[in-house]
There are 2 protein chains.
Amino acid sequence: MNPFDAPHPTNELKATAPVCDRCGSRVAGLCQPLDIAALDEISSESQQTSMPAHSMVFREGDPAGKVFTLIEGFAKLTRLLPDGKQQVVGFRFAGDVIGYTTLPSYPFDAELLTDSRLCRLERGQLDGLLRRYPKLERRMLDLCVQELTATQEQLVTVGRRSAEARVAAFLLSLVEASRRRGPPRTVLEMPMTRADIADFLGLTLETVSRSLTAFRKRGWIREPVHHRVELINLPALSALAEGTSDNG
Amino acid sequence: MNPFDAPHPTNELKATAPVCDRCGSRVAGLCQPLDIAALDEISSESQQTSMPAHSMVFREGDPAGKVFTLIEGFAKLTRLLPDGKQQVVGFRFAGDVIGYTTLPSYPFDAELLTDSRLCRLERGQLDGLLRRYPKLERRMLDLCVQELTATQEQLVTVGRRSAEARVAAFLLSLVEASRRRGPPRTVLEMPMTRADIADFLGLTLETVSRSLTAFRKRGWIREPVHHRVELINLPALSALAEGTSDNG
DNA sequence: AGAATGCCTTGAATCCGTTCGACGCGCCGC
DNA sequence: GCGGCGCGTCGAACGGATTCAAGGCATTCT
């Protein structure tokens, strides 16, 4: 039914919603509280698609008719200002829901940063599922509250912290996001460009670049390869992000 | 049962949830989709209280055991940084819900800006109501999505707009909030201090003061009395907030 | 009434982040 | 191999917002 659910020739689990078996959404996302029966139903109503980097999942103002879960990959959510500047309102990682809103149209663009796999569901179908599985609606609300709290946190970062403190906070949020998805790692995927990070933090890309260079020179981080960071001195980054200038 | 529901000696409606009859929550808030029976139940489980200006409804970190609806008055929600600076993450107006979260503790302070009246409900009671009235849970989700969208909007304002554009956007958001509560007015309540506004917009109180003075000198606004603004030239304010520097 | 306090306004100097310009590097297509 | 392009880095100059400081105006307290 779909090209992704059987990478191993000997997949013995295909009787129980095989599509969902290794989806991040079961760990941290929408589908976490569902039993096998519900997963079966969801997987039969949803469609998996795969899209290349830089493609738009949807645009601000499009009728909000579909809901997505990011199975694999990275995405950014952006709002455009009339003068052309953009604000990144959030990044999304494997397992995260993208595009759920009660509004008639999406309030932001969603663009993939990497080649990705998505689980797509019609809004009407999701609403039906929400009605049939109260746990799902509750989960939806939980995720919304989580996201709201994260956005308020971001508001604090953008509103009150210095440039370097913002970049440090961003790196720490990457750690947090990675922890949500699996065991803690010191080397993290960071597929966003300096410009993306700048648009997230309310800075220019030059300032982001300078901050990261400064961290590198202080030995706090390393960038072994493009789009990957190693956080060496987490306490220092935390202290900087918190505004606690006295080093510990 | 409570001192507020019968200001007129001749109240003939007291048989049908009299407490809720004139509450803003029925117009724009949580209780909007409820019928008389549900309102009766809610009003019997909730308690009305009245609190003076500058009192704290709850503090960041307090166990999130209660949910409030602001019946009358104004409140600000703030997060504190380790270095003492504060970020106002939002203002709340009559009819708005305050303090609903699925987290174990409140993620921000809630402080009243004016003498206010509040409707208080135990979190457990609300959860019970949510189970009995699916419409209510749906409404909760709607409100959360609305708030998330507003917070993202605020992120754009703080992240990408100039000081004067932020202040203009703030004034326009006051108009929006007042429109939610009733017929459009040109003279608006603005009970927050310059410092509050600054902490909301990621500016200093001096910059806010200078911006408002500039607007006044251009004839765009008037401040007939303390804590009240009249918006005279809405198009100019909108243009400035949008970053459209070419005046129309 | 007079003093004290909180909030707002205004000015001058400073500073942090931006702007503008240039260059290096890796990747891709030709 | 070469040129073009996207992305990242770096330096110098600029500018908008902050910081620091002073003073005004209400309201409250004594």
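From a predicted model like this one, the values you see are computed outputs, not experimental measurements.
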Review point. Between the main-chain N or O of A:Phe200 and the side-chain N or O of A:Gln154, is there a donor-acceptor pair closer than 3.5 Å?
Key: yes

Practice item. State which of C:dC8, D:dT18, D:dG8 makes the closest approach to the side chain of A:Thr193. Key: D:dG8

Check your understanding: Would a distance-only check, ignoring hydrogens and angles, find a side-chain to backbone donor-acceptor pair under 3.5 Å from B:Asp196 to B:Thr193?
Key -> yes

**Study point:** Short N-O contact, A:Glu153 and A:Arg161, less than 4.0 angstrom
**Key:** yes

Practice item. Find the distance A:Lys85:NZ to C:dG17:C1' and express it as a whole number of Å. Key: 13 Å

Exercise for review: Look at B:Thr204 and D:dA17 and indicate whether a side-chain polar atom (N or O) is within less than 4.0 Å of OP1 or OP2.
Suggested key: no

Practice item. Can you tell me the distance, in whole Å, between the NE2 atom of A:His54 and the P atom of C:dC28? Key: 12 Å

Review point. To the nearest Å, how far apart are B:Leu201 CG and D:dG16 P?
Key: 19 Å

Check your understanding: Whole-Å distance between C:dC16 P and A:Arg160 CZ?
Key -> 16 Å

Point to revise | OG on A:Ser211 to CG on A:Leu171, rounded to 0.5 Å | key: 9.5 Å

**Study point:** Separation of D:dC7 P from A:Met192 CE (nearest whole Å)
**Key:** 14 Å

Review point. A:Leu203 CG to C:dC16 C1': how many Å, rounded?
Key: 11 Å

Review point. Between A:Arg160 (side chain) and B:Leu203 (backbone), is there a donor-acceptor pair under 3.5 Å?
Key: yes

Revision key, fill the gap. Rounded to whole Å, the CE-P distance (A:Met190 to D:dC7) equals 14 Å

Exercise for review: Take the protein atom CG of A:Asp199 and the nucleotide atom C1' of D:dC7, then report the distance between them rounded to whole Å.
Suggested key: 14 Å

Study note, to complete from the structure: In numerical order, the residues of residues 209-225 of chain A whose heavy atoms come under 4.0 Å of DNA chain D are A:Ser209, A:Arg210, A:Thr213, A:Arg216

Exercise for review: To the nearest 0.5 Å, tell me how far A:Met51 CE sits from A:Glu111 CD.
Suggested key: 10.5 Å

Review point. Any N or O donor-acceptor pair linking the side chain of B:Glu206 to the base of D:dC20 at under 3.5 Å?
Key: yes

Exercise for review: Would you mind telling me which of C:dG21, D:dA17, D:dC20 lies closest to the side-chain atoms of B:Ser162?
Suggested key: D:dA17

Review point. Taking atom types as modelled, is there a side-chain donor on B:Gln87 or B:Arg79 under 3.5 Å from an acceptor on the other?
Key: no

